[in-house]
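In what follows, a single structure is set out as structure tokens and then discussed.
Each chain gets a letter, A, B and so on, in the order its sequence line appears, and its residues count up from 1.
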Protein chains: 2
Amino acid sequence: MFSKTCEYAILATIFIAQKSGQGVKVGIKEISKGINAPEHFIAKILQDLSRKGLVQSVKGPNGGFYLEEEEKRTTLADIVQAIDGDSLFTGCALGLKHCSEREPCPLHDEFKVIRQQIHSMLQSSTVTAFNRELIQGMKHLRR
Amino acid sequence: MFSKTCEYAILATIFIAQKSGQGVKVGIKEISKGINAPEHFIAKILQDLSRKGLVQSVKGPNGGFYLEEEEKRTTLADIVQAIDGDSLFTGCALGLKHCSEREPCPLHDEFKVIRQQIHSMLQSSTVTAFNRELIQGMKHLRR
DNA sequence: ATAATAAAAGATAAAAACGTCTTTTATTTC
DNA sequence: GAAATAAAAGACGTTTTTATCTTTTATTAT
């Protein structure tokens with residue numbers, strides 16, 4: 001569904017969002033422990049998200065990652081778009097380049113509906129949307 | 001969504017199904033041209049599908065691939081299961097190993113519905129289901 | 001200023017996915 | 001039974017993805 005990189009990106013950003021909701025920055029070590037993912041790998045991913053303006057970072061003591069108010073309204077769809085591109089939202093289920101309304105693959109019509117549902121699921125979830133449930137232990141991020 | 005191998009497997013099997021509907025066997029060259037996929041690669045995939053009893057093959061002159069009556073009722077879900085396993089049908093959207101009703105990830109509830117829809121879409125499509133539309137040019141397999 | 005901290009950047013490596021080429025085996029036709 | 005055909009099997013190569021390690025740069029606190 002998503003690449004591993006994208007899964008990590010979503011988990012890490014939700015983790016940062018949770019901390020940012022509490023007004024604190026968080027370092028890579030804590031993030032990687034919090035979501036149980038390889039430290040250097042998610043460092044790379046966060047560099048990327050940072051460049052793309054989805055998270056903020058500051059170097060040095062008391063540095064770390066956090067979200068601006070605006071970034072707290074980032075949706076999971078935005079993250080997927082940034083990391084995996086929009087193939088999940090627009091691509092053919094069978095990987096046909098020319099698949100379209102005019103030249104549909106066998107799954108085209110059925111898949112169109114599902115694709116749309118996936119998109120709206122991801123678009124209706126901001127990265128902060130899960131803060132309460134995560135803090136209360138009703139939802140989890142650890143792999 | 002699916003691995004490339006799985007996409008090829010689905011396309012190739014639907015192609016064979018179409019020919020088998022016309023009572024003829026079909027060789028790898030014709031299949032690979034028909035779905036515009038690398039010849040040796042789909043040969044491997046078909047070997048695998050053959051071992052798993054999803055397609056039949058015979059060697060030598062006038063040999064090729066075809067489907068038994070029973071195999072014409074193979075569903076796309078069967079193929080996905082055989083090639084990619086059932087992670088698409090049962091796995092967590094965010095790749096969490098322990099994600100479950102008891103310990104759900106943030107997307108668990110919403111994704112459960114979508115996963116189920118994907119499964120039933122694939123289960124309700126047999127490999128022969130598209131024969132008519134393919135022959136009439138209303139659906140396509142070429143990449 | 002200096003030392004400590006933490007992210008950024010770069011290099012490298014391991015694993016998996018994807019793809020190609022060659023040889024072998026089975027079958028058919030002549 | 002020899003030649004031709006076509007899949008099976010095996011070896012090999014490339015690319016992408018995933019992961020790790022090291023060095024550099026920016027920031028803070030002393």
Side-chain angles (χ1 to χ4, degrees), chain A residues 1-13 15-16 19 24-67 80 83-85 87-88 94-95 97 143, chain B residues 1-13 15-16 19 24-67 80 83-85 87-88 94-95 97 143:
Chain A
M1 180 71 91
F2 309 125
S3 68
K4 213 129 204 24
T5 301
C6 190
E7 289 174 4
Y8 289 152
I10 292 172
L11 292 170
T13 308
F15 186 83
I16 295 168
K19 298 292 176 180
V24 298
K25 292 197 283 292
V26 56
I28 281 184
K29 266 176 201 155
E30 193 180 342
I31 297 170
S32 71
K33 276 177 193 155
I35 66 176
N36 191 32
E39 185 180 325
H40 294 288
F41 193 30
I42 65 153
K44 288 289 175 205
I45 296 168
L46 287 176
Q47 271 174 43
D48 192 20
L49 290 178
S50 172
R51 263 183 252 111
K52 287 170 175 158
L54 299 182
V55 306
Q56 296 297 314
S57 72
V58 296
K59 291 183 179 181
N62 297 317
F65 294 88
Y66 67 99
L67 301 187
V80 173
I83 303 295
D84 283 348
S87 66
L88 179 62
L94 297 178
K97 203 166 275 178
R143 311 183 324 116
Chain B
M1 179 72 90
F2 310 126
S3 68
K4 216 125 204 25
T5 301
C6 190
E7 289 175 4
Y8 290 151
I10 293 172
L11 292 171
T13 309
F15 187 84
I16 295 168
K19 297 293 175 179
V24 298
K25 291 196 283 292
V26 56
I28 281 184
K29 266 178 201 154
E30 192 179 342
I31 297 170
S32 70
K33 277 178 193 157
I35 66 175
N36 191 30
E39 185 180 325
H40 294 288
F41 193 29
I42 67 155
K44 289 288 177 208
I45 297 169
L46 288 176
Q47 268 175 46
D48 191 20
L49 290 178
S50 171
R51 263 183 251 111
K52 286 169 175 160
L54 299 183
V55 305
Q56 297 297 313
S57 71
V58 297
K59 291 184 180 180
N62 296 315
F65 295 88
Y66 67 99
L67 302 185
V80 172
I83 303 293
D84 283 348
S87 65
L88 179 62
L94 298 178
K97 204 166 274 177
R143 311 184 325 118

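- Regarding contacts with the backbone of C:dT27, every side-chain N or O of B:Asn62 stays at 4.0 angstrom or more from both OP1 and OP2.
- The side-chain hydrogen bond (donor to acceptor under 3.5 Å, both in side chains) search around A:Lys19 returns A:Glu30, not counting sequence neighbours.
- Judged by atom type and distance alone, A:Lys4 does not reach the base of D:dT17 through any side-chain donor-acceptor pair under 3.5 Å.
- For the salt bridge (Lys or Arg N to Asp or Glu O under 4.0 Å) test, no residue two or more places apart in sequence or in another chain qualifies with B:Lys33.
- Atoms CG and CG, on A:Leu11 and A:Asn36 in that order, are 10.0 Å from each other to the nearest 0.5 Å.
- When the nearest nucleotides of DNA chain D are assigned to B:Gly60 and A:Gly60 by heavy-atom distance, the more 5′-ward of the two goes with B:Gly60.
- Distance check: B:Tyr8 OH to B:Ile42 CD1 gives 9.5 Å after rounding to the nearest 0.5 Å.
- Atom CD1 in B:Ile83 sits about 18 Å away from atom P in C:dA16, given to the nearest Å.
- Distance check, rounded to the nearest 0.5 Å: CG of B:Leu49 to CD of B:Gln47 gives 10.5 Å.
- Remark: C1' of C:dA26 and CZ of B:Phe65 are 13 Å apart, rounded to the nearest angstrom.
- OP1 or OP2 of C:dC18 has at least one side-chain nitrogen or oxygen of B:Thr5 nearer than 4.0 Å.
- Contacts between residues 50-58 of chain A and DNA chain C, defined by a heavy-atom separation under 4.0 Å, are made by A:Ser50, A:Arg51, A:Ser57, A:Val58.
- Each of D:dA26, C:dG19, D:dA4 was ranked by its minimum atom distance to the side chain of B:Tyr8; first place goes to C:dG19.
- In this structure B:Lys4 satisfies the salt bridge (Lys or Arg N to Asp or Glu O under 4.0 Å) test together with B:Glu7, sequence neighbours excluded.
- At least one side-chain heavy atom of A:Phe2 sits under 4.5 Å from a side-chain heavy atom of A:Leu88.
- DNA chain C is contacted by B:Pro38, B:His40, B:Phe41, B:Lys44 of residues 30-47 of chain B, taking any non-hydrogen atom closer than 4.0 Å.
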Side chains of residues 52-60 of chain A: which donor-acceptor partners sit under 3.5 Å, not counting sequence neighbours?
{"unit_1": "A:Lys52", "atom_1": "NZ", "unit_2": "A:Asp48", "atom_2": "OD1", "d": "3.3"}
{"unit_1": "A:Lys52", "atom_1": "NZ", "unit_2": "A:Asp48", "atom_2": "OD2", "d": "3.3"}
{"unit_1": "A:Lys52", "atom_1": "NZ", "unit_2": "A:Ala82", "atom_2": "O", "d": "3.0"}
{"unit_1": "A:Gln56", "atom_1": "NE2", "unit_2": "A:Glu71", "atom_2": "OE2", "d": "2.6"}

